[in-house]
Amino acid sequence: MLNILFMGTPDFAMESLKAIYEAKFNIVGVVTNPDKPQGRGMKVSYTPVKKYALEKNIPIYQPEHIKNNPEMLKTIKKINPDVICVVAYGKILPKEILDIPRFGAIIQRSGTNTMGSNKWG
């Protein structure tokens with residue numbers, strides 16, 4: 001059975017995490033963005049991916065940043081995933097993380113390009 005590290009944040013990503021979980025894959029951890037205060041009362045809100053991972057008792061990691069983060073790099077190496085599944089995580093992953101899993105990474109972005117725009121012509 002493949003050991004999968006899942007990285008994602010919004011509802012769109014939670015649906016993918018749910019599909020992987022329901023297909024009985026071994027999810028060794030979830031990396032999602034840190035909790036943020038939201039709304040008028042500025043109450044701390046969990047990401048949809050974190051909420052689902054909590055329900056299913058999947059280990060959760062919420063680094064403030066993913067680049068130049070030796071602690072997170074060490075953690076992912078220790079988890080030793082066979083594949084990293086990235087769905088709308090919201091941060092650019094450094095090559096050193098993408099090189100960890102023996103089968104690489106599967107990356108699915110959301111429908112919008114939030115990192116900039118492509119100019120053609």
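Not measured: the values here are computed from a predicted model.
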Practice task
Say whether Thr47 and Asn33, considering side chains only, have a donor N or O and an acceptor N or O under 3.5 Å apart.
Solution key: no

Practice task
For Lys56, enumerate each residue passing the side chain to side chain contact (heavy atoms under 4.5 Å, CB included) test, keeping only those at least two apart in sequence or located in another chain.
Solution key: Tyr21, Tyr52, Ile58

Handout entry: Pairing residues for Lys51 by the side chain to side chain contact (heavy atoms under 4.5 Å, CB included) criterion, not counting sequence neighbours
Key = Tyr46

Distance (rounded to the nearest 0.5 Å) between [X] [atom1] and [Y] [atom2]:
| X | Y | atom1 | atom2 | answer |
| --- | --- | --- | --- | --- |
| Phe6 | Lys18 | CZ | NZ | 13.0 Å |
| Leu17 | Met7 | CG | CE | 13.0 Å |
| Ile100 | Lys78 | CD1 | NZ | 14.0 Å |
| Glu96 | Lys77 | CD | NZ | 7.5 Å |
| Ile76 | Leu98 | CD1 | CG | 9.0 Å |

Minimum heavy-atom separation for [X] to [Y], with atom names?
| X | Y | result |
| --- | --- | --- |
| Pro48 | Met14 | O-CG, 3.4 Å |
| Ala88 | Pro10 | O-CD, 3.1 Å |
| Tyr89 | Ile66 | OH-CD1, 3.9 Å |
| Val87 | Ala13 | O-CB, 3.1 Å |

Exercise for the section: Give a yes or no on this: more than 12 heavy atoms of other residues, nucleotides or ligands lie within 6.0 Å of atom CD of Glu71. Expected result: no

Handout entry: Under 3.5 Å donor-acceptor, Asp82 side chain and Asn3 backbone
Key = yes

Handout entry: Leu54 reachable from Val30 in the ILVMFWY side-chain graph, under 4.5 Å edges
Key = no

Exercise for the section: Establish whether Ile84 and Ile60 are linked, either directly or via other cluster members, by ILVMFWY side-chain heavy-atom contacts under 4.5 Å. Expected result: no

Exercise for the section: Would you list the pairs meeting side-chain hydrogen bond (donor to acceptor under 3.5 Å, both in side chains) in which at least one residue belongs to residues 59-70, sequence neighbours left out? Expected result: Asp35-Gln62, Lys50-Gln62

Handout entry: Beyond-backbone contact of Pro101 with Leu5, side-chain heavy atoms, under 4.5 angstrom
Key = no

